[in-house]
Amino acid sequence: MKQRTTFILPSPDPTNPDNLHLSSTSLSLRSLPPSTAREDRYTFARDELPFALRFVMIDYPAIYIHWASGRQYKPVDPYAARVPAGFHIFVPWALGSESTPNHVFGNHYGLEEEFTEIPGGNQFYQPMKSVMPLTEMVAKVACKSEKEECVDKFRRVVDGADYIGVEYNEEANTVTVSVFYGGSEEVGDGGGVEITKESGEEKVEVGLLMHEKPMGDESFTLGGQVHVIGTEKINPVLFTFPSRHHTHPTTFTTHLPSPTGLHPTLHLTLTAPNPTPHDSCTLHTYLTIPHSLFPDQYQLSTSNPHLLSSLNLTRIVYLSGETDLEAPTWTTRFWGSTLLLELTPTATSFALPLHLRYLPPAPENRTSETIDFPVPVVFWACNTTVHNEEERGGVNPFERRKLGWEEHFEDKTVFHYLAPENGGWVQVGAPVLDLRSAEIVKWGTVVVIFSGFVWVLEKVMTALVGARRGSEGEEKKRQ
């Protein structure tokens, strides 16, 4: 196992020799600024993993897992790429495989809802605010000796993380785990931090890096120091690499008017002017929608141009998953749906109409449920004159792949992300039936229907009797 820890520093102060302490097994930094971002990246050979974890990799050329906490943090390049808050799995199609992702992950890891098909593979999502239960389950399988100490280390690694990514690549025969901490007190609060090399680790590399003036378009240049723990010196570095993912200076807020009712509308509002990175760019938003909610593809069709214009929406680029307009939640097959929308580029506010499915009755004295809904990703998608990483001059060592929407754009597309200002979650209040009131509702419905039937019957009979008396009176007059 290899570890690479990277700090993106806002200033060169932490690289001062007086702030560093080296030993044969650790590197200590006495202080870090609060806006420092950190990524720990662990690389395992597949054979290093226990069989229970290797099993899911047998039939697939790659597996991509993303989890985002939804906590607020300041975005920083080269970690601009975002996914909606929650837990995502992307599995490319495996030619000739008889095992579906539903079988592999469902039978062995308890995923109940089915994967949805997307271009190039399958996708699964859950609105999971904490990844700790899943981490502990994986840790108990992965840890071989000194189990409790090993599980505690897993907990410490993920505690306070803003993003966790897992990537399996069959060609490289490796599994890479990335744990990212945005600029917050979890990384730097003026206090110190220590990175240690555990027994069994082949290599631990620590980078203290800052942004330098880029040497090319759509690329980043980082400079600073790199230290391999166990060696006696720190090496200066300066390198440039391409990136498809960039931060954008504009931010946005999300809002759900109350009460939400059965047809909530999510409002996105830009908090500042939204300059396009350049003329080829289009503005988009990407949503992962739990199965309790759904978008109406017919309502948002381009055949309703006046409605789309009033919402500042241009078109649906792609919609997949659970799109049945009538099904209640207990009859749905899939985890939910994904929606990629193109937005009006000159607008500063947007409205996304959604609809609630009927939820199961509440077992307790409740009349509503709260649904955690992930804030969508908002980004500019820009075509460039270069087509891939090689043409841009290299490979991005910090790349996050298979985020859910790249397949809908050309390889040369570059993304610029707007950051959410009020965190990664909104809550939707959904009405449900209180079981204590179910009998009252049932018999009340019977009484109302019967009363209505009697009322209609009375009116019909009254009309018939009146008509008969009228006809008899006319008959007597003629006589």
Side-chain angles (χ1 to χ4, degrees), residues 3-11 13-14 29 31-42 65-88 127-132 135 155-167 176-195 206-211 220 222 224 243-254 271-272 286 288 372 374-379 396-401 403-404 415-426:
Q3 176 182 342
R4 186 188 76 199
T5 295
T6 304
F7 294 95
I8 303 297
L9 305 172
S11 72
D13 296 341
L29 293 95
S31 66
L32 280 173
S35 54
T36 299
R38 170 178 175 172
E39 183 197 51
D40 294 327
R41 181 167 290 209
Y42 306 87
I65 298 174
H66 306 280
W67 174 79
S69 69
R71 294 191 311 171
Q72 184 68 25
Y73 68 90
K74 183 178 179 180
V76 60
D77 291 319
Y79 303 110
R82 288 177 172 269
V83 291
F87 180 72
H88 309 250
M128 187 185 296
K129 285 189 172 182
S130 172
V131 77
M132 194 62 74
T135 300
R155 293 193 189 106
R156 290 194 303 271
V157 167
V158 303
D159 185 33
D162 293 301
Y163 165 84
I164 298 174
V166 180
E167 179 178 333
T176 302
V177 180
S178 303
V179 184
F180 174 75
Y181 311 84
S184 67
E185 61 182 13
E186 301 292 343
V187 180
D189 57 0
V193 64
E194 182 181 34
I195 300 94
V206 181
L208 306 174
L209 305 176
M210 293 168 293
H211 280 277
F220 297 117
L222 295 177
S243 180
R244 295 186 73 189
H245 307 286
H246 299 252
T247 58
H248 191 278
T250 303
T251 58
F252 69 94
T253 60
T254 52
T271 56
Y286 174 78
T288 50
D372 291 318
V375 169
V377 178
V378 180
F379 59 89
N396 182 355
F398 307 99
E399 184 81 0
R400 295 175 184 171
R401 298 176 178 85
L403 303 174
F415 305 101
H416 298 257
Y417 298 86
L418 286 64
E421 271 207 352
N422 52 349
W425 299 97
V426 292

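Contact check for Val177 versus Val157: no side-chain heavy atoms found under the 4.5 Å cut-off. Residues His245 and Leu403 have side chains in contact (heavy-atom distance under 4.5 Å, counting atoms from C-beta outward). Within the 4.5 Å cutoff, the side chain of Leu209 has no heavy atoms near those of the Phe220 side chain. Side-chain contact check for Thr247 versus Tyr79: every heavy-atom pair is 4.5 Å or farther apart. Residues Asp40 and Tyr181 meet the side-chain proximity criterion, which asks for heavy atoms closer than 4.5 Å. Between Trp425 and Pro127, the closest side-chain pair of non-hydrogen atoms falls below 4.5 Å. Between Arg400 and Glu167, every side-chain heavy-atom pair lies at or beyond the 4.5 Å cut-off. The closest side-chain heavy-atom distance from Phe252 to Val375 is below 4.5 Å.
In this structure, CZ on Phe87 lies 10.0 Å from CD1 on Ile164, to the nearest 0.5 angstrom. To the nearest 0.5 Å, the span separating CD on Glu194 from CG on Leu29 amounts to 10.0 Å. Separation of atoms CG (Leu222) and OG1 (Thr6) is listed at 9.0 Å; rounding is to 0.5 Å. Distance CD1/Ile8 to CD/Glu39: 8.5 Å, rounded to 0.5 Å. Atom-to-atom distance recorded for Asn396:CG and Arg401:CZ is 7.5 Å, nearest 0.5 angstrom. Here OG1 of Thr250 is found 10.5 Å from CD of Glu421. Values are rounded to the nearest 0.5 Å.
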Decide yes or no on side chain to side chain donor-acceptor pair (under 3.5 Å) for Asn422 and Thr253, but give the supporting numbers first. CA-CA 6 Å; Asn422 52 349; Thr253 60; 5.4 Å; no
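A distance-only check finds no donor-acceptor pair linking the side chain of Gln3 to the backbone of Tyr42 [under 3.5 Å].
Looking at residues two or more places apart in sequence or on another chain, you find a side-chain contact (heavy atoms from CB on, under 4.5 Å) between Ser69 and Trp67, Arg71, Asp162.
Geometric assessment of Arg82 against the ring of Tyr73 yields a positive cation-pi assignment under the 6.0 Å and 45° thresholds.
Minimum interatomic distance between Pro374 and Ala85 (heavy atoms only, all atoms of both residues): CB-O, 3.3 Å.
Phe415 has its ring centre no less than 6.0 Å from the ring centre of Tyr286. With ring centers used as reference points, His248 lies 6.0 Å or more from Phe379.
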